[in-house]
There are 2 protein chains.
Amino acid sequence: MSRGETVNIGMLGMGTVGGGVAEIIERSGEALADKTGIGIELRRVLVRDLSRSRAVSLPPQTLTTDPDAVIKDPSIDIVVELMGGIEPARTLISAALQEKKSVVTANKDLMARHGRELSRLAHRHGREIYYEASVGGGIPLIRPLRRCLVANQIERMVGIINGTTNYILTRMSLEGMDFEDALKKARDLGFAEADPTNDLEGMDAAYKLTILAGLAFNCALSPDDFSIEGISGVTGADIFYARELGYTIKLLATAGQKPAGLALGVYPALVPLSHPLATVHDEFNAIFITGDLTGDLMFYGRGAGARPTAGAVVADIVEAVCSLRGIGGAGLPPGMERKITPLPPAALSSRFYVRLLAGDRPGVFGTLATAFGEEGVSLDMIIQKRKANGTAEIVLVTHDVNEERFYRSLEKVIQLPAIEPGPGVFRVLG
Amino acid sequence: MSRGETVNIGMLGMGTVGGGVAEIIERSGEALADKTGIGIELRRVLVRDLSRSRAVSLPPQTLTTDPDAVIKDPSIDIVVELMGGIEPARTLISAALQEKKSVVTANKDLMARHGRELSRLAHRHGREIYYEASVGGGIPLIRPLRRCLVANQIERMVGIINGTTNYILTRMSLEGMDFEDALKKARDLGFAEADPTNDLEGMDAAYKLTILAGLAFNCALSPDDFSIEGISGVTGADIFYARELGYTIKLLATAGQKPAGLALGVYPALVPLSHPLATVHDEFNAIFITGDLTGDLMFYGRGAGARPTAGAVVADIVEAVCSLRGIGGAGLPPGMERKITPLPPAALSSRFYVRLLAGDRPGVFGTLATAFGEEGVSLDMIIQKRKANGTAEIVLVTHDVNEERFYRSLEKVIQLPAIEPGPGVFRVLG
């Protein structure tokens, strides 16, 4: 493979995710080419309306309203489907696979309903369909399940995989908001769609669970196979009592291997406050997976949004490029490393925690504060406690400070006659 | 590729991880072959002592004390290095790559010190070196960083990546144990080695940070490039004051992109109690990554241990097999799905939360308890509160119960004259 080679992409649909994909290819195309040795070019894009103005400007000849101009273009190797919905996406993807294009999609409804059929079709034509972006937005889930955990037998999977409902339940739980107010706030922040029915009634989570559990347990599933319950029955009273009993309420998507078969469901449930899923707040998603070898694993992040999803689509495009060109995978081709200098302390800054023992005499604290102040180290929090043996224990947390300057001031402080040697000094994660 | 084809593996070293790898290949070889269409055979294993008895019995002709019998065997395609340490691992891996073998390793010291050199050598011979198991045990980190996040610019990475020190700090923090007692308990539980110096002084975390930050920021790093501090300076007093200020103390490995370069370090630091890393307890590890597209992500799980690590090694072997045979990746070849029946409610069981409104008259609770009791539904927790309007709100949590039976008993309860319609009913994650 020679540097300078290019793979052409055709895209179906140019909404917010599609715009994000176009932007990433434009902005980071060179960085991606550095990682793979192969350039990526967005050759054709199917849109509904040629005249609409767009955030990302593409050459006018790139846009088309004719699907065949994308799917049948022999110079295009990879078709990216971002239209959403079952039709015409299903027909167009099938046609693209028959034309021996690799396909990347973010379409969860389609993959939940027809994923098997499309994978089989891809296989028959020696191609693959990539769908990391269909579940979990920017959280890597599909690839870890298919590849990293391939030696594991998955025992159980429990996920919070819908951001809208998790935002609403979190606000009801932490602020005592009622359902309607929380939904309104979710809408204002863009975490709920104009018609949020699919989210609120659990269908969105059910589609994602169908895809994830099908992969984890290597079986053919449909969202019609299990019971699906949304959050409309959850009241403030339930959240209150749950907390009193040591729980919080979350909309869970669960799949577990039982001796007789697979237990599946989407429903609101009480989650113990000590469980890692209980701390997944607001629009965040997480999946908790138990494998026979790895034990418990959790993947946490933003499960939706145009930018994370566009990032996942581009990662799939890169994967498809590597697969088509028979290279093992992107990342770190030797010799292409960036020159990065690790920074010396003079260039670093941090907040610091300092614990000092001081002789308990008048003016000690003033001397101390002056020594720090002279180096421009300002203090954020202070605790001073008298100890039994006539010394005082002083605990300080500084504001963000240059590390070299901090250590210089600490040297001075340690040399003060009232200060005992051996202070406790740690950085503070900010 | 035809079913029945086999790829031969040679293994260097047969300790606990090697034994685990041999066991997985023996036990799950067929399941893996189902996923890839290709069989995996453990052809030769380099050991120090042929006569030693082993947990996994291999045919005697598999074992050898001659490295060349593994590395130069033309029937072997993939060499798995599990000896640990720099030499002779480095020399043997280099020789294997020169023989055009793909290499899988779990050797973090080696990859931190010579990863670039070995990757370059692999590249020169058209092969790859896989090292998912070198960092994070069973937590997928290398592949997500190299592949899933390929379109992101990583802004920051903060990890708890040493299980020994996290176990010690957790016990000091939650039980008020002192350092020596916590270390002893870590040893008793197998979370600390006989000589735990590398863990306690931060070297283990520094090796892992070198590998992860090198990948995340696509640059050449060495553990000599940044300051490394262990946990020996952390006292019970510091943990106490930290908590009083709203923090817990963790050994962090951090890497962040600053305008002038990369800020790197391993050190104990105060972590806000509300931060997801604060809830990573005991021997668990987690990495918190911020990408420009995905925002915050966290990967959580057991960062060490023979079984998780062996699982990661086998996943890398499968990846190498797929790459060598030019197939896109393991997982779900269409038509190979298992036949799994999603279970009906009659086969499911759960704990249930029930909130009921009842007329506040004598005997209501008894009638209720009887109705549940008749179906064998036993109660774990009960709250009863009087409401203003002369009704009582009763909240129950059942023990684990067959779902069909639970709903049958609930039907009866709802029909009781004292009970108002519309109870709140949710499952409890157990």
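All chains are named by letter (A, B, ...) in the order of the sequence lines, taking the proteins before the strands, and each is independently numbered beginning at 1. All heavy atoms count here, side chains included; hydrogens, waters and symmetry mates do not.
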With a 4.5 Å limit on heavy-atom distance, are the side chains of V314(A) and V150(B) in contact?
no
Are K385(B) and E244(A) ion-paired here, with the side-chain N under 4.0 Å from a carboxylate O?
yes
Are the side chains of P276(B) and T279(A) in contact, using a 4.5 Å heavy-atom criterion?
no
Measure distances from V313(B) to the heavy atoms of chain A and classify the residue's part below 4.5 Å as side chain, backbone, both or neither.
neither
Counting heavy-atom pairs closer than 4.5 Å to chain A, which one of F352(B), F299(B), F284(B), Y241(B) comes out on top?
Y241(B)
What part of H275(B) is in contact with chain A, defined as an atom under 4.5 angstrom from a non-hydrogen atom: side chain, backbone, both or neither?
side chain
Are the side chains of L429(B) and Y247(A) in touch, meaning some heavy atoms are under 4.5 Å apart?
no
Find the one option among P344(B), A213(B), G301(B), C148(B) whose heavy-atom pairs under 4.5 Å with chain A are most numerous.
C148(B)
Does the side chain of R355(A) pick up a donor-acceptor pair with the side chain of T235(B) at under 3.5 Å?
yes
Could you grab the distance from atom CG of L264(B) to atom CG of L343(A), nearest 0.5 Å is fine?
8.0 Å
Reported CG-to-CD1 distance for the pair D296(B) and I139(A), which is rounded to 0.5 angstrom
11.0 Å
May I ask you to decide if the ring planes of Y300(A) and F288(B) are parallel, tilted or perpendicular, using 30° and 60° as cut-offs?
tilted
Student check: side-chain heavy atoms of P140(A) and T294(B) closer than 4.5 Å:
no
Does the side chain of L245(B) reach to within under 4.5 Å of the side chain of V395(A), using non-hydrogen atoms?
yes
